Every structure is written in C-alpha cells, then in structure tokens.
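Here's the structure we're looking at; comments come further down.
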Amino acid sequence: MKYLPALATVLLAAGTLGPGTGFATADPTPDPSQTRYSLVNGCYRIDTPSGPLAPAAGPFRIHATTLGEYLLYGRTKEVVDASAGSIHPAKNPSVTAVWKVDGSGATGFTLSNAATKTSTPATFVPDTGCADFPEAQDSATGTPGPSVGADGSIIGTIDAHVHVSAYEFLGGDFHCGRPWHPFGVTYALPDCASDRTGSNGLVADFLDYGGPRTSDTAGWPTFRDWPKPSKLSTEGTYWTSIQRSWKAGLRVMTVDLVDNESLCTIMTDRRNPCDDMTSVRTQAADMRALQDYIDAQAGGPGQGFFRIVTDPAQARQVAASGKLAVILGMELSDPMGCGVFLGQPKCGTADVDRWLGELRALGVSSFFPVHKFDNAFGGTKMDSNTTGLLVNAGNFLQTGTFWNVQPCTGPGHDSPQPSVPIAGDINQLLAKLTGPLLGGAPLPLYPSGTHCNARGLTELGRYLINTMIDQGFLIEIDHLSEATADEVMSIIEARRYPGVLSSHGWDSERTTQRVYAVGGFATPYAGGPAGFVKAWREARAMQRPTGDFGFGFGSDMNGLGGQGAPLGAGVIQYPFTSHDGAVTFDRERWGERTFDINTDGTATYGTYADWLEAVRVLGGPEVMTDVFHGAEVYLRLWSQVRR
C-alpha cells in the first residue's frame, strides 16, 4: 500500500503524534481477522508510521457513524477532530471529527478524514481504559434465533403501522428527537426546548398538553417528562427501543412514511419543503440510512436486525432468519400530488400511473388512498372534537372547503364534530393555530347527531383502486370516510382481492368485518393491553374465508397518536422472558431514566416488549398463539397479491 504522509505530517505539526515513540505499550502486530467494520465499539490505540495517534487523548472507543466511518472517542470523552489545519480533541463532534477506515487487518488499514482530504496507514491495537460511548440500553439479555415453526411458518409478531421516519415530517423541525444520529444518542434525543418556539411550539403544546406547556423539555440523560404515552411530538422509536421489541419477537414492521402539507405550512421553523412526495423520497432514504447505521453497530453490511424488504419472499427470508422485515408504507393527505381544490382534482390517470411506478421503485408496498383531508380520490374519515377542528381547518386550506358533514344514513359513521363553541384556553390556542389556515374564515359547527363525510369515492379514486389491485399494492382502508370505504370495499369484493389492510383501527366495525370476509388483514390500534385483548376476541369471531387466523397490532408510534397508559402496580413482574424463552428483559434504560410499563405505560417503542408480556398475562396462551402467528398470516396474504 502506498503511504500518503500528509495526515501524519499534520499530526506531527499539531503535536498529536509522538515522534520516535514507536509501539511501546502494546503488540502492534496487525490482526488479520479485523475488518473495517469489526472495529466498531472496540477499544484501540491507533498507530501510524509516525507514532500513536493523539496519545494524550487515547486509547479510543470506536463509534460508528455509518458503515466504515467512525468517531474516535477518547478517555476524556472528547473526539479527535480535524479542522482549521490541525488535529485536536473536541468536546462536540462535527463532520470534521468523522474518520473513514478502508482496508483490513490482513492487507492493512488506511485512516482518512474528509476535512483534510488526506490519509495515512493505521494499525488498530487492542487496548484498555477507554471511555464508554453514551448509548441507551435495551436491557435485554440473550439473542433470538431463527423464527420458523416445524411446519415452516414464521413465528413472530407484526406491527402493521408505525412512523419511524416521522422526525422529518411537518417541515422537519417539529418532532423532537430522531431514531438515530450519526453522533449518537445525545444528539438523537436532545433537549426539546429548541423545537418549542413559534407555531411549532403551539402545535406541540396543543397535542401534548391541550393547552400551554406545563413540563420539562430535557432529553438525554434525564428525560424528566418525555417520552410518555401522552407526548405526541417527541421521539419514541429510538433504534435500541426497536431492537428491544425485535428481541421480544417482532418480525414484521410496516413503517408508514408520513406527512401533511397544510400543517407543515403553519410551522414557523422548517428545514424540509412542504411537499408530501418530496418528503416520501426523503424518508425512504432515511430508513435505508438507519439500516446502514444499525448494520454498522452490528459489525458490517447485512449484520443488523433491521432489514428493509420489498417483496413477500424477501420478507419471509428475513423473518425466518430471526431478523426484522421492514416494509415501507405511505400515509399522506395529498398522495401522489392528487389533491383537490374547490372540487377540481389536481391530477389525472397518467399521474397516478407515473407515481405508482415511482412508489414501487422507492420500495413502497402499501398506502392509504385518503388520509386526514379530502382529496382527488375520495373523502376522509374525520378526526373528532377539538382535533377535528384543527384538521378541518387544514382541510379548508388544502381543498378550499370544510368537510361536508351530513347525518349518517347507514349503520357506520365518521367521528363526531363539535356542535357548540369550544371554551377556555383551548379555544384561544385553536384560534392561534387555525388563523393562518383560515384567513379569517370562522370554524364550522355542525348540528348534533351522527356525522358522516358526504364525500365518497371519485371516478379517479375508482381508477386508483383498480390499478392498485392490478399492480399488487396493499390497499390501506383506514382513514376513508364511510361513504368512500363502502365503495372501495365493493370494488375489492367484486374483484375478490385479499390485499386490503386495516392497520390501526381507523375504520368501522362493518368495514373490518368486510376486510376479514374478503381475506384481508386487520390489526387494531395497540392502545392498552386489556383493550387489545378485547379486540382480539372480537376479531376471532368475525367470518373469514379460511380457518387461518393471526393477529397483530398497529402502534402508530410517532404518528400523533397516544400510547397505552400505565397498567398499575404489579401487573408486570420484572424481569420477564420472551415468548421463545431466549431473551430476558429488565426495565429499558435511557440514560438516567428507566421505563416500567406499570407506572410509565407504553412510553417508548421498546416497552412494546413489556406490553406484549402484559397481553400474555391478561389474555393467556391462546392470544399469544394468534399474535405470534400474525406475521405469517400477513406474509401469506402479501404473497397472494404481489405482482
């Protein structure tokens, strides 16, 4: 290997290498088994031809920022930085503290820094005395094995609706925290104060408190008041939390890429454009970056538990190996740019065809034709009460009209809308939030009684549903108005298409019954374990074309949906073991904070492991059999319709 001396020259000039020091403290013989990925989390002295790198700061804990790139974390909890023409310790990492490693132990490593655009040969010598790089703990001991039964079926659970990528939505500066950060947990789960200014803060306060903020925003390491089941604007799906639930048996997860253009436009601070499909592209790329990050922590490409899949055969292979098959879905209010304004659609059939091709290329396998606002495909199932007022204001901005609410004529109905003015602080907060959306127009009130959105499936919506069937997309039935859902299900029934999903309980009981009857898959909103067990009993009684039954849940974590409340003292005993007996769980730990589902509820995605144990305690072995058959039933359905 040709020696490029420039980096060593810089190091010598900065006094971070010791000329003539040699390799006095450890055996410098290269380890031929080392790879550029296996260095992760190790403790090393780094030797170069001119001597040890930064001997006063080392040895170094090697933290992966992505595959093959690292922070060099020293004994004094500072990183090695290359900026302003020198190499020096820095308390806060930046791009100039990221070091790329190429080569191998057998052929020799090269260490380079993008900031200096130079490189030098390097030997990573195992050492002791390194500081531990900060990280959240999944508090799970043991490793799950292959997840295949004697008959070849997958044994594992499915979360059919979660928003791991939601940190990018509403302009990217609303949601506090993210599931990972190249520089680690202290950056991924920060203090939320900076995200709580202007209209961003008003919306967060409305969602989290129903009024002015009343709690501490501190993140790592104290987490005094978040995450909580009721905190809708903060991160819950940190990657070690996903890992904890995977260790508890999660084998299939649908990550719904999500955004809302109208709510995005009222945000004072935003770094992303308010365009739904641009956001989908960004979030799809983010999920692949998260996969790379998890791979990097596990020791190389393909080594991590988090695997994005694009077809049922690939998903089955991943789940059977004991890893987590991650399916990409899409939940937008203006999908494929197909909004409607004053009754006129913003797209046509050619646009639908073009976008379906791009979605398939992005790896999106399922999506909602309608979500939150009316669009060119049909009407939405309205949000209720005060939240309904806010979303209806967004509908006005997006479509030029409020929802056309009429008395329901059939057994199903949409969510009730306010019939009398809202009083108190919440009214003042709503006025601040909706003012920019309405431009002086008053919020509507509707007559008391049952409320249904009169807008049904449009002609373009019929084209979309039939084309989704032709191309083997999974159709998400939730969030459709009763009128729209009825017409969509009629098409699905006429074409005998089982690829229909109700992934988080945003439909009527009648629609759920029709989903099951056609061979589709329904998972209720997870909520509390007791409510989930009740939903399981009801679902088991519904008619299905075969006797095959599996059950799952839709967590909706990070999706502006509340999670399960505290269970009460002593419902779950810690430690507990996984369904397969391979993993033992104590309380999940983020820095100084531990999470106990008895007192904290389903505060993090990791506490879905605890939630599952509560389902076992409350529902018994029969519900566990069905829940651990959920992934298999979903994959069988997908394999029937995938084109």
Side-chain angles (χ1 to χ4, degrees), residues 153-154 158 160-161 252 254 256 311-312 315-316 327 329-331 356 364-371 377-381 410-414 456-458 461-525 535-554 626-627 629-643:
S153 64
I154 301 299
I158 174 173
H161 193 106
V252 176
T254 296
D256 282 309
D311 63 63
R316 180 172 293 279
I327 300 162
M330 185 177 77
E331 187 178 35
L356 288 178
V364 173
S365 299
S366 67
F367 66 89
F368 295 74
V370 182
H371 175 246
F377 303 129
T380 186
K381 194 173 187 68
H413 57 83
D414 295 329
L457 190 68
T458 67
R462 293 183 186 91
Y463 180 83
L464 171 68
I465 297 302
N466 279 293
T467 307
M468 289 179 75
I469 292 172
D470 293 340
Q471 297 188 14
F473 280 92
L474 297 171
I475 302 168
E476 292 271 11
I477 201 75
D478 288 355
H479 290 293
L480 304 184
S481 70
E482 280 297 298
T484 305
D486 179 67
E487 295 177 82
V488 169
M489 286 306 305
S490 293
I491 295 173
I492 288 170
E493 290 161 348
R495 296 196 59 178
R496 298 181 181 180
Y497 185 70
V500 58
L501 311 173
S502 172
S503 61
H504 64 329
W506 262 79
D507 62 348
S508 65
E509 182 178 353
R510 178 171 176 267
T511 299
T512 301
Q513 291 171 341
R514 295 173 77 179
V515 168
Y516 274 121
V518 81
F521 192 75
T523 56
Y525 194 88
W536 161 73
R537 292 194 177 104
E538 293 170 350
R540 249 195 165 278
M542 293 183 183
Q543 180 182 353
R544 305 182 301 279
T546 70
D548 196 21
F549 181 71
F551 207 51
F553 63 94
D626 287 346
V627 168
H629 194 50
E632 173 63 29
V633 170
Y634 180 96
L635 293 177
R636 288 178 186 176
L637 178 157
W638 194 15
S639 66
Q640 290 180 62
V641 303
R642 174 70 181 196
R643 303 288 190 264

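Quantities reported herein were computed from a predicted structural model and do not represent experimental measurements.
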Pair Glu331-His479, side chain to side chain donor-acceptor pair (under 3.5 Å): steps then yes or no: CA-CA 10 Å; Glu331 187 178 35; His479 290 293; 3.0 Å; yes
Audit row: Leu474, Leu637, side chain to side chain contact (heavy atoms under 4.5 Å, CB included) steps and yes/no: CA-CA 9 Å; Leu474 297 171; Leu637 178 157; 3.7 Å; yes
Side chain Ser503, main chain Gly554, donor-acceptor under 3.5 Å: no
Contact check, side chains of Tyr497 and Met468, non-hydrogen atoms, under 4.5 Å: no
Note, Leu356 side chain near Phe367 side chain (heavy atom, < 4.5 Å): yes
Heavy-atom closest contact (Thr254 atom, Ala160 atom, distance): CB-O, 3.3 Å
Neighbour count above 12 (heavy atom, 6.0 Å) for His413 NE2: no
Heavy-atom side-chain proximity of Ile491 to Ile469 below 4.5 angstrom: yes
Between CG on residue Asp311 and CZ on residue Arg643, distance to nearest 0.5 Å: 14.0 Å
Backbone N/O of Leu635 and side chain of Arg316: donor-acceptor pair under 3.5 Å: no
Listed partners of Ser365 passing side-chain contact (heavy atoms from CB on, under 4.5 Å), at least two apart: Ile327, Trp638, Arg642
Interatomic spacing from CZ in Arg636 to CG in Asp548 - rounded to 0.5 Å: 4.5 Å
Residue Glu493 excluded, over 12 heavy atoms near CD under 6.0 Å: yes
Distance in Å, Ile475 CD1 paired with Leu464 CG, rounded so as to fall on 0.5 Å steps: 7.5 Å
Closest approach of Gly379 to Thr484 (non-hydrogen atoms, all atoms of both residues): N-OG1, 3.0 Å
Closest non-hydrogen atom pair, Phe377 against Pro369: CD1-O, 3.4 Å
Atom pair CD1/CG of Ile465 and Leu480 - distance to nearest 0.5 Å: 7.0 Å
Contact summary for Pro312 and Ser639, nearest pair of heavy atoms: CG-CA, 3.7 Å
Side chain to side chain contact (heavy atoms under 4.5 Å, CB included) between His371 and Met330, worked out: CA-CA 10 Å; His371 175 246; Met330 185 177 77; over 6 Å; no
Test salt bridge (Lys or Arg N to Asp or Glu O under 4.0 Å) applied to Asp626 - qualifying residues, sequence neighbours left out: Arg540
Ring geometry between His504 and Phe368 (parallel below 30°, tilted from 30 to 60°, perpendicular above 60°): perpendicular
Step-by-step side chain to side chain contact (heavy atoms under 4.5 Å, CB included) determination, Val627 to Trp536: CA-CA 9 Å; Val627 168; Trp536 161 73; 5.6 Å; no
Charged N-O contact under 4.0 Å between Arg514 and Asp486: yes
Smallest separation among heavy atoms of Val641 and Pro498, with atom names: CG1-CG, 3.7 Å
His161 and Thr523, any side-chain heavy atoms less than 4.5 Å apart: no
Side-chain touch Glu509/Met542, heavy atoms, less than 4.5 angstrom: yes
Close side-chain approach of Asp478 and Lys381, heavy atoms under 4.5 Å: no
Rounded distance [0.5 Å steps], CZ in Arg544 versus CZ in Phe521: 11.5 Å
Audit row: Thr511, Glu482, side chain to side chain contact (heavy atoms under 4.5 Å, CB included) steps and yes/no: CA-CA 8 Å; Thr511 299; Glu482 280 297 298; 4.1 Å; yes
Note: Arg462-Glu487 ion pair, threshold 4.0 Å (strictly below): yes
Under 3.5 Å donor-acceptor, Ser481 side chain and Gly456 backbone: no
Non-hydrogen atoms of Ala522 and Thr512 that approach each other most closely: CB-CG2, 4.1 Å
Spacing of CG belonging to Asp414 relative to CH2 belonging to Trp506, to within rounding of 0.5 Å: 9.5 Å
